[in-house]
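Read through the structure below, which is laid out as structure tokens, and then see the notes.
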Number of protein chains: 2
Amino acid sequence: MSDGNTGVPHPDAPHPDAHMVAAAVGGLMPGRVPAAEYEACPVTHAVRMLGDKWTLLVLMLLAERAHRFNELHRRVDGISQRMLTRTLRALEDDRLVARTVFPTVPPGVEYDLTERGRELLVPLSALADWVVKDRAA
Amino acid sequence: MSDGNTGVPHPDAPHPDAHMVAAAVGGLMPGRVPAAEYEACPVTHAVRMLGDKWTLLVLMLLAERAHRFNELHRRVDGISQRMLTRTLRALEDDRLVARTVFPTVPPGVEYDLTERGRELLVPLSALADWVVKDRAA
DNA sequence: CTGCATCCTCTTAGATACTG
DNA sequence: CAGTATCTAAGAGGATGCAG
């Protein structure tokens with residue numbers, strides 16, 4: 001049942017899994033897809049996260065190197081302190097970003113990608129490759 | 001400069017590109033990232049699309065097979081006609097979904113993934129794999 | 001059956017001011 | 001420096017009615 005893959009199927013090698021989005025594709029969900037399951041699906045959560053206003057950009061800047069809070073605030077044009085905080089907290093909650101506090105005066109806080117965060121860059125890269133492929137149409 | 005890759009970097013092989021998100025990571029954007037460029041970036045657009053409320057689910061159902069409008073409306077629990085229409089139109093605009101009208105009475109409309117839409121399933125699958133990896137933590 | 005137009009609500013995000 | 005609190009504005013999404 002669990003060979004490591006899941007979620008969305010490869011075009012020519014789809015297969016079942018515990019997650020709802022996958023189930024629909026694997027043919028396990030012939031009828032209606034319960035809203036609760038779709039909302040609870042971790043893949044759904046992941047794309048929602050990436051899709052909100054600032055997450056991708058913050059992720060990209062952190063992929064470059066670790067940043068201080070105000071450093072990010074300066075580089076992300078147009079973001080408010082409130083939204084930067086919220087975005088970073090959400091990334092922390094998903095263990096994509098690690099927060100390190102330096103007990104100096106004034107206090108310094110550094111944000112950096114976790115190992116999991118860096119691993120995300122791989123599928124994200126694949127997605128970006130798809131995006132630019134055949135831009136011509 | 002252009003080896004086919006772009007956008008988001010592989011952890012150990014990042015490189016520059018024309019797109020803003022990529023540029024930031026490739027080290028080409030040392031300072032502030034212009035909001036306009038981030039908003040215009042096709043990768044940004046793609047993740048926003050996938051991240052909205054119904055797109056992923058509709059995509060997954062269409063990956064299974066082509067659907068009629070009302071067929072989708074029945075299978076996607078909780079979606080309104082308005083949002084199903086909007087979601088499908090957006091997918092059409094991005095050439096991920098093709099719309100075919102059968103001039104019968106009453107009229108029938110079939111939605112199916114385009115080739116580009118099917119190709120999207122590959123990076124999406126990679127993302128799903130990442131999601132379920134080390135759920136334990 | 002498929003879908004657009006209208007209205008209305010609720011969530012999200014920006015502005016501003018203030019604190020350890 | 002690195003946030004939190006509050007208020008407001010904008011937009012996404014839902015309900016309903018009508019039309020080709």
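In what follows, every chain begins at residue 1, and chains take the letters A, B, ... in the order their sequences are listed.
Look at NE2 on H67(B): it is 16 Å from P on dC1(C), rounded to the nearest Å. Here the P atom of nucleotide dG13(D) and the OH atom of Y38(A) are 10 Å apart, to the nearest Å. Atom-to-atom, CG of L57(B) to P of dG13(D) comes out at 14 Å; the value is rounded to the nearest Å. H73(B) places its NE2 atom 15 Å from the P atom of dG13(D), with the value rounded to the nearest Å. The CZ atom of R48(B) sits 15 Å away from the P atom of dT12(C) (whole-angstrom rounding). Rounding to whole angstrom units, CD of residue E71(B) and P of dG3(C) are separated by 13 Å. For the pair R99(A) CZ and dA2(D) C1', the interatomic distance rounds to 8 Å; values are reported in whole Å.
When the C1' atoms of four end pairs are superposed on the next four at each end of the helix from dC1(C)-dG20(D) to dG20(C)-dC1(D), using five pairs per end, the two resulting axes differ in direction by 50°, to 10°.
The nearest pair of heavy atoms linking W54(A) to T87(A) is CB-OG1, 3.9 Å.
In this structure, R86(A) does not pair ionically with D93(A), as no charged nitrogen and carboxylate oxygen lie closer than 4.0 Å.
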Give every donor-acceptor pair under 3.5 Å between a side-chain atom in residues 96-104 of chain A and any protein atom, sequence neighbours left out.
from    : atom 1 : to      : atom 2 : distance (Å)
R99(A)  : NE     : Y111(A) : OH     : 3.2
T104(A) : OG1    : F102(A) : O      : 3.4
T104(A) : OG1    : P106(A) : O      : 3.0

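With sequence neighbours excluded, no residue forms a side chain to side chain donor-acceptor pair (under 3.5 Å) with E110(B). For R116(B), the salt bridge (Lys or Arg N to Asp or Glu O under 4.0 Å) partners are D134(A), not counting sequence neighbours. Listed by chain and number, the residues in a salt bridge (Lys or Arg N to Asp or Glu O under 4.0 Å) with E71(B) are R65(B) (sequence neighbours excluded).
A donor-acceptor pair is defined here as one N or O able to donate and one able to accept, closer than 3.5 Å; no such pair exists between the side chain of R75(A) and the backbone of R32(B). Counting only distance, with no hydrogens or angles, the side chain of S125(B) and the backbone of L121(B) share no donor-acceptor pair below 3.5 Å.
Atoms CZ and CD1, from R74(B) and I79(B) in turn, are 14.0 Å apart once rounded to the nearest 0.5 Å.
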Open item on the list: Generate the contact string for nucleotides 13-20 of chain C. Rules: B means base contact, S means sugar-phosphate contact only, - means no protein heavy atom under 4.0 Å.
Closed with: BBB-B--B
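The side chain of N70(A) lies closest to dC1(D), out of dG3(D), dC1(D), dG3(C).
Using a 4.0 Å heavy-atom distance criterion, R89(A) is classed as a sugar-phosphate-only contact.
Contact between the side-chain N/O atoms of Y111(B) and the OP1/OP2 oxygens of dG3(C) is found at a separation under 4.0 Å.
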